S.K.: 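Quick one: structure below, then a few questions.
On a predicted model such as this, the values are computed, not experimentally measured, just so you know.
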Amino acid sequence: MRKPGSVKSLEELGRVRLSPSFFMRDFLYSEIANFYGIPNIPDDPELAIAAGARLCEDVLEPLQQKFGRISIRSAYRSCEVNQKGVGRHNCSSNEANYAGHIWDRRDANGFMGATACIVVNRFIPYYERTGHWQALAWWLHDNLHVDATFFPRFAAFNVKWYEGERSGIYSQIPPNRGYLTRPDHENWSGSHEGEYAEFLAEIEPN
């Protein structure tokens with residue numbers, strides 16, 4: 001598939017079904033693109049589709065099956081859109097976002113990947129009552145092969161499917177900024193179900 005050059009071809013890209021619940025169009029909206037009038041269109045649709053399909057099949061579908069509806073806050077960014085956000089809208093450099101938010105570029109190691117910022121809607125009441133974002137973070141770590149970065153509002157988080165090795169779970173939520181876990185931490189291995197048992201009990205009563 002070539003880069004869309006017309007409304008019709010962009011519509012066709014949007015109709016690509018990445019998984020049973022998600023279409024490519026779900027991931028193309030961007031506030032940066034919308035505000036500045038920059039088309040958020042992949043240069044390499046085939047690579048973006050391949051990476052996005054793995055994100056949806058391996059990460060988002062299991063999350064949605066377990067916890068119900070998820071909301072997508074931010075996902076695919078073209079190089080032009082991401083560059084516009086560097087230094088003003090909290091976007092990392094294009095190179096740092098290859099195989100991340102920029103789905104249609106492999107990273108320096110030749111790996112593909114895809115990132116989406118999402119909210120698990122069912123988690124919001126528990127998080128707002130307890131502040132315990134770690135409950136969802138540890139469930140992710142124990143059950144999915146992903147990296148994630150958590151943010152304060154609604155415990156939204158960037159979640160990344162990636163061909164290479166995992167780098168860990170990171171927090172931007174004060175006072176716990178920094179890595180919750182990563183491969184060189186003692187808490188990387190083993191089960192952490194005690195951290196999320198209370199939350200699961202609330203949504204899965206006996």
S.K.: Which class fits the ring pair Tyr126 and His132: parallel under 30°, tilted 30 to 60°, perpendicular over 60°?
M.R.: perpendicular
S.K.: For residues 48-67, pull every pair meeting salt bridge (charged side-chain N to carboxylate O under 4.0 Å, His left out), keeping only residues two or more places apart or in separate chains.
M.R.: Arg54-Asp58, Lys66-Glu204
S.K.: Can Asp147 and Ser167 be counted as having a side-chain donor-acceptor contact under 3.5 angstrom?
M.R.: yes
S.K.: Say whether Asp104 and Tyr76, considering side chains only, have a donor N or O and an acceptor N or O under 3.5 Å apart.
M.R.: yes
S.K.: Given a cutoff of under 4.5 Å between side-chain heavy atoms of I, L, V, M, F, W and Y, with clusters grown through shared members, what are the other residues clustered with Tyr98?
M.R.: Ile102
S.K.: Name all pairs fulfilling the salt bridge (charged side-chain N to carboxylate O under 4.0 Å, His left out) condition that reach into residues 161-175, sequence neighbours left out, sorted by first residue then second.
M.R.: Arg106-Glu163
S.K.: Which pairs with one or both residues in residues 112-129 pass salt bridge (charged side-chain N to carboxylate O under 4.0 Å, His left out), sequence neighbours excluded?
M.R.: Arg129-Glu202
S.K.: Can you name the residues that form a side chain to side chain donor-acceptor pair (under 3.5 Å) with Asn34, not counting sequence neighbours?
M.R.: Tyr29
S.K.: Not counting sequence neighbours, list each pair that qualifies as a salt bridge (charged side-chain N to carboxylate O under 4.0 Å, His left out) and has a residue in residues 84-102.
M.R.: none
S.K.: Using the six-membered ring wherever Trp is involved, compare the ring planes of His141 and Trp138 and label them parallel, tilted or perpendicular (cut-offs 30° and 60°).
M.R.: perpendicular
S.K.: Do NZ/NE/NH1/NH2 and the carboxylate oxygens of Arg105 and Asp44 come within less than 4.0 Å?
M.R.: no
S.K.: Atom CG of residue position Asn90 - does it have more than 12 heavy atoms of other residues, nucleotides or ligands inside 6.0 Å?
M.R.: no
S.K.: From the options Tyr162, Phe27, Trp161, select the one residue that forms a ring pair (Phe, Tyr, Trp, His ring centres under 6.0 Å) with Trp103.
M.R.: Phe27
